[in-house]
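Read the structure below first, then the notes.
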Amino acid sequence: MEKSEITSSGENPRPWQSYHTVYTNAKAGMEGVDKEKVQRIVYEMSKGSKYFENEERKEAYMRQKIETMRAQCAKLKAADVSHYQMVADKRILELESTRDLSRIWLHVDMDAFYAAVETLSDPSLTGKPMAVGSMSMISTANYEARKFGVRAAMPGFIARKLCPDLIFVPTDFNKYTHYSDLTRKVFQKYDPHFMAASLDEAYLDITSVCKERGVAGGEVAEELRTRVYEETGLTCSAGVAPNRLLAKVCSDINKPNGQFVLPNDRMAVMTFISSLPIRKIGGIGKVTEHILRDVLGINTCEEILQKGGFLCALFSHSTADFFLSVGLGLGRTDTPQVKFRKSISSERTFSATNDEALLYQKLADIAEMLCRDMQKEGLRGRTLTLKLKTASFEVRSRAVTLQKYICSSEEILKYASKLLKAELPISLRLIGLRVSHFNEDKAGASSDPTQRTLTNFVLSGDASRKTMGGRSSLGLYCSDEPFMDDLETSFSTDSHDINHYETRDPWDSTNKQDLEDHHCTFSNNIEAEEAHESLSNDIAGNVNTADTVECNFNSCHTVVFESKDAETSLPQKLYVSNTNLVNKEVITGNEAVFSPDWQYHCFKEDDCKCSLCGIEMPPDFVEERREHSDFHLAERLQEKESSVNSRTSIQRQSPLPLNTIPTYGPGLIIR
DNA sequence: CTCAGGAGATACC
DNA sequence: GGTTAGGTATCTCCTGAG
C-alpha cells in the first residue's frame, strides 16, 4: 500500500493519496488524466462526510484483514511452505491439464454505451463532456468527460467539480434496451447461443464461424463490429481469445472502437498474462488487488504462479484455484445452456430518516415495486431479505426463509415489516428487498435426497436412484456439464402449482392445520417464539410429506400439464423432465401422459376428504388439497415409471418449448 | 460431520 | 445547497439442527 509521507510536524501533506476509491482504477479513455489532481478533488469533496467516514471504516477493516494474513504468512514454518508449494504445484498441473485451446471466444463491449446512445438521440451532445446519471451517481461518462477524470460510479457532484461544463443526461433504460436488442440481433448471426453479460456486453463462441468460413477470429471481430455500427450507429470494442476470461481482458485493450486478438497458442497466452496487472482480471477488484499486493507482493498474473504456495496456504480451495487459473490464463470455454435468475430485488435510497411511519411507507413502496417485477416474470420465492443502509452508510441485511412461496406485495410487506420492526429504532438512507429461493431453484434443491421436495423429486426424474443405490441426479446428469442442474431449475419458474407441503407461515399463529415445519429459520428470537407457539398447534404427521416418498422412478418422463395459478388465474404449464417419452407420449398438442385434471381427482368437488388416502382438509384449504393431489400424482408417476423402467437411455434435453424459455432483464444470460 | 440458512463482503455493469 | 445508485451473483464464515 502506498504510504503518504508524514512531515516532522505530523501533518500528512497529501492525505488524498491514501483515500482509495473504485474510480482510481485505470479505465479506457483516462490515460492522460492528472490522477493526482482527480484524487485530491475526490478526497476534498468527500472528506468529513458520512460516506467518507464509512469508507475509512471499511479501509481500516481491510488493513486489519491484511495484517492478519501477513501474520499468518509469517507463522508458516519452512515445512509448511514447502508443503503448500507442493500442493500448489500439483494443482497447477491439474489445472494445466484442463486447458482448452480449441475454442475461439469473442467478447464485445459497446463503447460508453449509455452515453453513446444518448448522443445518438441528441447529436448536439457530440464532442461535449457528458455523463449519464444524476448529481448523486453517474452510470457512464463519454470520452470527452473521461479526460477530466469523470467516470462511471462517481457521484455527479464530484464529476461536476472535476468538469464544470459537464452535461448531465438522465438514464433512460428503454432507449438502451432498444439499442441493445439491435446489437444482439447482430451477435445472433455469429453465435445463436451468444451469452449476453449485460445490456452492452456479450460473449460469442465464434469457433464455428471461423472454421466454416476459413477466417481468423480477428476478421470475424472486424466484420461484427462493422455490422454493429451499421445497424446501430454505435461503436464497440472486441477481444478475441481462447476463453471468456481472456476475451474480456482483450476487449479492453484497444478501447474505444478497437479490438485485440490473442491467438490460441499456449505460449502467446502465457506471455500475454505474465505482465498483466491482476486488477485487469474480472473478479479481482479493489479489495482483492490490495490484499494480494500488500500481503504477497503480487501485482501481475505471473507473480500469482510464483506465490502459488502462499495462495494455497492463505485462501480457500476455490479461491486458490481461481487465482492459479488466472495465473495460467485459463478461463471458461464452454457454453452454458441455461442460466436462470436466482434472486430479484428492489431498493431505493432516500434522505436519511428515523421516522418510523415514513420508513414503513418506503418499505411498502419497495414491496410494491418488487411484487410488480416478480409478477412480470411469474416468480415466487421463499426467502425474503431486507437490506438496510443506515445514515452512516453501514449496510445490514436481515433474512427469513418461509415454508411457502410468496409473491404478493401484501405477503412481502408482511414479512418485511416484521424484519424491519426488529431493527427499530434506526435512521436509514436505503431500504431494499430481495426475494430468492424460487420454486425449486438450485439452492432449494437439496443435495440430501431425504430432504428433496416433491417437485424436485418429480422434476429430476431420479427418484429411483435413491433406493437403487445409484447416484443422485446431480451426479448422473451433471458430472461433466455443470449447467445441467441449472436446466433442472428451469422448470421452477412455472412449477409452483405442483408443490410440496411446505405451506405454513411461521408467523401465522392462526393456522391450526399447519404441517411440520422443521426447515424454517428465523431471523430473530421474538419472531421465532411467536412462530413456536404456532408450531405447537400443528397437527404433525397427519400427511405424508414429500420427504417420505419412496422412489422407484427411473428417469425418462416428460409430463406436461396445466393448472391455474392461484394468484393470476393464468394457466401454468409444468414440464416434468424427460427423455425417450418426449416424442412418443407427450408432446402431442396439450396431451399429457396424465390427464391435466388428474390432480383434482383425489378430492371430489366440495369434498374435503381424499378419495385415495382418506385424509381430510378444511374447506378453505384449496391450495393444500391441490398439493396433496400432487403428492398422489408423484406416486402415480412412480408407478408408471416402474412399468417403463427398461428405457434407460438418458439424453437430457430441454423440455421447454422455445416460447416458454423465460427471458430476463439486463445482466442475465438468455439461452 | 453435513447441510441449510443468515450475514457480511466483494465484484461487475 | 446538499449530494456517493441499483440489480444480480458469489464466496466465506458462522451457527443450529439432525
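Letters A, B, ... mirror the listed sequences (proteins, then strands); counts begin at 1. No experiment lies behind these values; they were computed from the predicted model shown.
- No contact: A:K387 has no heavy atom under 4.0 Å from any strand.
- Under 4.0 angstrom from either OP1 or OP2 of C:dC13 there lies no side-chain N or O belonging to A:K65.
- Computed from coordinates, the A:K161 NZ to C:dG2 C1' distance equals 13 Å when rounded to whole Å.
- OP1 or OP2 of B:dA7 has not a single side-chain nitrogen or oxygen of A:S397 nearer than 4.0 Å.
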Check step by step if ring-ring contact (aromatic ring centres under 6.0 Å, His included) holds for A:F323 and A:F315.
CA-CA 10 Å; A:F323 290 144; A:F315 297 94; 5.2 Å; yes

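- Taking the side chain of A:T288 as heavy atoms from C-beta on, and the options B:dC12, C:dT8, B:dT10, the nearest nucleotide is B:dT10.
- In terms of phosphate contacts, A:R396 brings no side-chain nitrogen or oxygen within less than 4.0 Å of OP1 or OP2 of B:dG6.
- The distance between atom CG of A:L430 and atom C1' of C:dG6, rounded to the nearest whole Å, is 9 Å.
- Across all strands, A:E201 comes closer than 4.0 Å only to sugar-phosphate atoms, never to a base (heavy-atom distances).
- The separation between A:R151 atom CZ and C:dA5 atom C1' is 14 Å, rounded to whole Å.
- A:T140 comes within 4.0 angstrom of nothing in the nucleic acid, heavy atoms only.
- Listed nucleotides B:dG5, C:dA5, B:dC13 differ in distance to A:S136; the shortest reach to its side chain belongs to C:dA5.
- A distance below 6.0 Å separates the ring centres of A:Y19 and A:F52.
- The aromatic rings of A:Y176 and A:Y114 sit parallel to each other, their planes meeting at less than 30°, with 60° as the upper class boundary.
- Distance CZ (A:F322) to P (C:dA9): 18 Å, rounded to an integer number of Å.
- Distances shown here put every side-chain N or O of A:S139 at or beyond 4.0 Å from the OP1 or OP2 atom of C:dA5.
- Within a 6.0 Å sphere centred on NZ of A:K286, heavy atoms belonging to other residues, nucleotides or ligands number more than 12.
- Nearest nucleotide to the A:K342 side chain, out of C:dA5, C:dT8, C:dA9: C:dA9.
- Contact annotation: A:K286 does not reach the phosphate of B:dA9 (side-chain N/O to OP1 or OP2, under 4.0 Å).
- Between the CD atom of A:E347 and the P atom of C:dA9 there is a distance of 14 Å, rounded to whole Å.
- The residues A:E118 and A:K175 are annotated as salt-bridged, a charged nitrogen and a carboxylate oxygen being separated by less than 4.0 angstrom.
- In the helix from B:dC1-C:dG18 to B:dC13-C:dG6, the terminal helix axes, each the rotation mapping four pairs' C1' atoms onto the next four within five end pairs, subtend 10°, rounded to 10°.
- At a threshold of 4.0 angstrom between heavy atoms, the contacts of A:K389 are confined to the sugar-phosphate backbone, with no base atom among them.
- Residue contacts for A:G432: at a heavy-atom cut-off of 4.0 Å it reaches no nucleic acid atom on any strand shown.
- Between A:R382 and the phosphate of B:dG5, there is a side-chain N or O to OP1/OP2 separation shorter than 4.0 Å.
- Comparing atom distances between the A:R398 side chain and each of C:dT10, C:dT3, B:dG8 picks out B:dG8 as nearest.
- A:R332 contributes no side-chain N or O that, together with a main-chain N or O of A:D334, makes up a donor-acceptor pair within less than 3.5 Å.
- In this structure, A:R40 forms no cation-pi arrangement with A:Y43, as its terminal cationic atom is not both closer than 6.0 Å to the ring centre and no more than 45° off the ring axis.
- The main-chain N or O of A:T288 is never found under 3.5 Å from a side-chain atom of A:R279 such that the two would form a donor-acceptor pair.
- Annotation: of the two residues near DNA chain B, A:K58 and A:K248, the 5′-most nearest-nucleotide partner is A:K58.
- Look at CZ on A:F113: it is 21 Å from P on B:dC12, rounded to the nearest Å.
- Each of B:dA7, B:dC13, C:dC11 was ranked by its minimum atom distance to the side chain of A:T319; first place goes to C:dC11.
- Note on A:S318: only backbone sugar-phosphate atoms sit closer than 4.0 angstrom, heavy atoms only; bases stay farther off.
- Within the 4.0 Å cut-off from OP1 or OP2 of C:dG7, not a single side-chain nitrogen or oxygen of A:R434 is found.
- Where A:T383 and A:G283 meet DNA chain B, the nucleotide closest to each residue was compared, and A:T383 sits on the side nearer the 5' end.
- Contact annotation for A:I281: backbone-only contact, meaning every heavy-atom pair under 4.0 Å involves sugar-phosphate atoms and none involves a base.
- An OP1 or OP2 oxygen of C:dG7 is reached within less than 4.0 angstrom by a side-chain nitrogen or oxygen of A:R348.
- Atom P of nucleotide C:dG7 and atom NZ of A:K376 are separated by 11 Å, given to the nearest angstrom.
- Looking at which nucleotide of DNA chain C each of A:A153 and A:F315 is closest to, the 5′-most match is held by A:A153.
- Within 4.0 Å (heavy atoms only), A:T385 reaches no atom of the nucleic acid at all.
- Of the N and O atoms on the side chains of A:D200 and A:S198, at least one donor lies less than 3.5 Å from an acceptor on the other residue.
- Proximity of A:T349 to the phosphate of C:dG6: a side-chain N or O atom is located under 4.0 Å from OP1 or OP2.
- In this structure, A:I344 places its CD1 atom 9 Å from P of C:dG7, rounding to the nearest Å.
- At a cut-off of 3.5 Å, with distance as the only test, a side-chain donor of A:D111 or A:T235 sits close to an acceptor on the other residue.
- For C:dA9, one of the phosphate oxygens OP1 or OP2 lies less than 4.0 angstrom from a side-chain nitrogen or oxygen of A:S343.
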